[in-house]
Amino acid sequence: MATWIRVVVLVMACLLPASAECVVRQYNFDVVMKNTTKLCSTKPIVTINGKFPGPTIIAREDDILLIRVNNRVNYNVTIHWHGVKQFRTGWADGTAYITQCPIQPGESYVHNFTLTGQRGTLFYHAHIFWLRATLHGAIVILPKGGVPYPFPKPREEKVIVLAEWWKSDVEAVINEALQTGLTPNRSDTQTINGYAEPTSSCPSERGYTLQVEPGRTYMLRVINAALNEFLYFKIAGHDFTVVEVDASYTKPYKTDTVLIASGQTTNLLLTTNLGTGKFMISASPFKNKKIATGTLHYIGTPNDTATIVLTPIWPSENTSTPLVDNITDALRSLNSKEYPVTVPLKIDHSLFFTIGLGTMPCPTCTIGNRAVAHINNITFDSPTISLLQAHYFNIKGVYTDDFPANPPNQFDYTGTQPANPQTMHGTRVYRLPYNSTVQLVLQDTIRLALESHPMHLHGFSFYAVGSGLGNFNPIKDPKKFNLVDPVERNTISVPAGGWLAIRFRADNPGVWFMHCHIEVHTTWGMEMAFVVDNGNGPNESVLPPPHDLPKC
Ligand SMILES: *[C@@H]1O[C@H](CO)[C@@H](O)[C@H](O)[C@H]1NC(C)=O
Ligand SMILES: *[C@@H]1O[C@H](CO)[C@@H](O)[C@H](O)[C@H]1NC(C)=O
Ligand SMILES: *[C@@H]1O[C@H](CO)[C@@H](O)[C@H](O)[C@H]1NC(C)=O
Ligand SMILES: *[C@@H]1O[C@H](CO)[C@@H](O)[C@H](O)[C@H]1NC(C)=O
Ligand SMILES: *[C@@H]1O[C@H](CO)[C@@H](O)[C@H](O)[C@H]1NC(C)=O
Ligand SMILES: *[C@@H]1O[C@H](CO)[C@@H](O)[C@H](O)[C@H]1NC(C)=O
Ligand SMILES: *[C@@H]1O[C@H](CO)[C@@H](O)[C@H](O)[C@H]1NC(C)=O
Ligand SMILES: *[C@@H]1O[C@H](CO)[C@@H](O)[C@H](O)[C@H]1NC(C)=O
Ligand SMILES: *[C@@H]1O[C@H](CO)[C@@H](O)[C@H](O)[C@H]1NC(C)=O
Ligand SMILES: *[C@@H]1O[C@H](CO)[C@@H](O)[C@H](O)[C@H]1NC(C)=O
Ligand SMILES: [Cu+2]
């Protein structure tokens with residue numbers, strides 16, 4: 001208790017404006033039900049402090065965060081700080097049954113971690129069941145006190161959280177799908193900062209409005225917190241300059257459309273150079289799904305002015321298109337003196353993982369089997385205590401460290417349906433010595449159709465050194481890798497019918513989940529974990545678990 005009071009005192013100092021020396025920031029998150037109205041209907045949703053999206057965390061690089069999560073709902077809960085490297089503090093990563101047991105109803109857990117070497121926009125979200133549909137919010141990491149942005153300081157910053165909305169209870173949607181073995185129902189709409197779109201049938205519901213002054217530069221911190229959707233973000237009549245993705249600065253890149261996969265964040269500079277008017281903001285998922293719209297409103301423009309609308313883009317069902325290729329090619333790390341690229345050039349572990357869908361027998365399901373997903377033909381089985389606890393306390397029988405470096409069978413991954421669509425299952429991890437270097441090629445495989453998968457790695461950012469369509473060619477393709485200024489991210493799409501190569505250095509000891517950020521694919525088992533051993537140095541081992549670590 002005494003410690004807690006001392007912390008509160010420190011935190012009081014932190015609340016003073018512009019306190020550059022501030023190091024500890026404390027947040028209290030109450031997970032509570034809240035009735036929310038959208039699409040003309042009211043339903044109770046799981047929220048943080050009654051807010052959807054949840055409160056924004058604002059901190060500086062190198063700050064310590066102490067976030068107490070109090071579970072006051074009837075679900076088991078965990079909260080993951082998506083993209084935060086959690087250097088040695090895997091206990092705070094918030095991944096159910098990977099780094100901790102869930103916070104059970106009535107229980108609390110204090111997440112204690114430092115924002116080391118990162119600045120930009122990240123977000124937090126639940127990492128258990130489908131609760132992240134409504135349990136999520138922004139993390140804004142400002143540069144250290146006195147350190148400027150590597151681009152002109154914007155007049156103002158705005159957080160824009162994109163998400164998805166189901167009229168039904170989200171847990172009922174996924175539970176129904178698991179019982180039938182079929183694909184879960186699609187969401188009914190997307191949302192922008194919790195607003196669906198202006199609805200004439202419910203005048204009380206308005207779309208998100210971004211009020212701007214003319215002739216200024218704003219920074220939009222855009223987050224795709226949707227469960228299952230890629231979102232194309234646009235504002236009618238305006239261009240953006242991309243300056244940062246996944247809390248890593250990029251070379252400035254001008255475009256009128258950005259694609260943000262589920263789990264990605266993008267900072268955009270927007271110059272309000274049109275002076276007056278109202279302009280549509282849109283977040284479009286793949287074709288035939290509902291677009292979320294909002295309004296960019298120049299201050300002084302009468303409310304009854306007609307909004308300049310966007311010609312809707314109906315993106316194709318995948319990200320293997322010329323538009324996306326352009327966006328992908330243009331995204332490069334800033335690679336300046338202050339923010340250098342440190343892509344590993346010598347590789348210790350060269351891995352090749354196939355990813356895709358499959359089936360597994362299920363006598364009780366509608367068609368006798370159920371949809372699953374895999375990495376290297378292995379559908380992940382969730383353990384019943386966390387992998388990190390098993391690793392740290394050397395508890396046997398929770399996982400095996402024989403995750404294969406290569407798929408068990410070679411075939412024409414993007415051309416031929418595997419004769420047998422079934423997968424294996426298991427709780428297998430890939431073990432990495434401390435500070436070893438990894439190259440991982442992720443290869444999409446065909447199962448009924450080809451699909452784009454946004455893969456997310458916990459505990460690290462990685463460099464995306466190459467990608468292409470078809471099957472990866474280990475002789476020819478590495479010659480084209482970008483080892484100079486590749487983009488650094490924590491989530492990136494493997495193109496539909498193609499491959500993607502990433503590199504990282506395993507300098508963070510612990511157990512780190514890697515999975516597709518399309519939630520239905522995570523549920524189906526497209527996931528695995530890396531165990532990174534401790535090093536021998538003083539700062540090279542996992543810290544001891546906190547006393548209030550939830551128990552199973
Ligand atoms: C939500 O609203 C319904 C009906 O309007 C009411 O019965 C229920 O108690 C409310 N729930 C909460 C958590 O406020
Ligand atoms: C947070 O963790 C650090 C170790 O990284 C420890 O020194 C500190 O006491 C912890 N703070 C709280 C409030 O638990
Ligand atoms: C899913 O969609 C089907 C068909 O529209 C509907 O009958 C069912 O009730 C929906 N399930 C849930 C959980 O909303
Ligand atoms: C114009 O719309 C904004 C938000 O959409 C609202 O806050 C404001 O009160 C409206 N102004 C008038 C005069 O109706
Ligand atoms: C891609 O970029 C090229 C070269 O800048 C341009 O000519 C082309 O129109 C772009 N294609 C799309 C779909 O944006
Ligand atoms: C995946 O594993 C299952 C079960 O062992 C096997 O039947 C199937 O042929 C394997 N598929 C591939 C593509 O390796
Ligand atoms: C990790 O390896 C690199 C390259 O071998 C070396 O320069 C660096 O000092 C090592 N870091 C640690 C913390 O051991
Ligand atoms: C992706 O969509 C484009 C445009 O609709 C189509 O031409 C292409 O064949 C699709 N690619 C895959 C792998 O499905
Ligand atoms: C270990 O970490 C402490 C605290 O962050 C730091 O003061 C010390 O210099 C580090 N030691 C090494 C060898 O990196
Ligand atoms: C909640 O978590 C505990 C500990 O893992 C587990 O025993 C219990 O079954 C979980 N409850 C639900 C509803 O999943
Ligand atoms: Cu996926």
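Both counts, for ligands and for their atoms, begin at 1 and track the order of listing.
Heavy-atom proximity to N409, at under 4.0 Å, picks out these atoms of ligand 6: 12 (C), 14 (O). The atoms of ligand 7 that sit less than 4.0 Å from any heavy atom of Y434 are 13 (C). If you number the atoms of ligand 5 from 1 as listed, the ones under 4.0 Å from a heavy atom of L323 come out as 13 (C), 14 (O).
Residue T423 has no N or O atom closer than 3.5 Å to an N or O atom of ligand 6.
In summary, of the residues considered (T95, L387, T99), a side chain to side chain contact (heavy atoms under 4.5 Å, CB included) with F513 occurs for T95 alone. For the ring-ring contact (aromatic ring centres under 6.0 Å, His included) with F240, the lone residue among Y253, F233, Y218 that qualifies is F233. Results of the ring-ring contact (aromatic ring centres under 6.0 Å, His included) test with Y413 over F352, F472, F353, W499 single out F352 as the only residue that passes.
Atom 13 (C) of ligand 6 has as its closest protein heavy atom F411 CE2, 3.6 Å. At the shortest separation from atom 7 (O) of ligand 6 among protein heavy atoms lies N420 ND2, 2.7 Å. The shortest contact between atom 5 (O) of ligand 7 and any protein heavy atom is with R505 NH1, 4.3 Å. The protein non-hydrogen atom at the shortest distance from atom 4 (C) of ligand 6 is M424 CG, 3.8 Å. Looking only at heavy atoms of the protein, atom 6 (C) of ligand 7 is closest to N435 ND2, 4.2 Å.
Residue E540 places a heavy atom less than 4.0 Å from ligand 7.
Compare T379, T445, N376, N377 by their heavy atoms: the one nearest to atom 10 (C) of ligand 6 is in N377. Here the shortest heavy-atom distance to atom 14 (O) of ligand 5, taken over I327, N326, D329, T321, belongs to N326.
Listed for the D477 side chain is no donor-acceptor partner under 3.5 Å among the backbone atoms of P474.
Of the charged side-chain nitrogens involved, at least one lies within less than 4.0 Å of a carboxylate oxygen, so that D348 and K346 count as a salt-bridged pair.
Separation of atoms CG (N267) and OG1 (T121) is listed at 3.5 Å; rounding is to 0.5 Å. From N471, atom CG reaches atom CG of N473 across 9.5 Å, with rounding to the nearest 0.5 Å.
Note: H458 and H80 have parallel aromatic rings, judged against thresholds of 30 and 60 degrees for the angle between ring planes.
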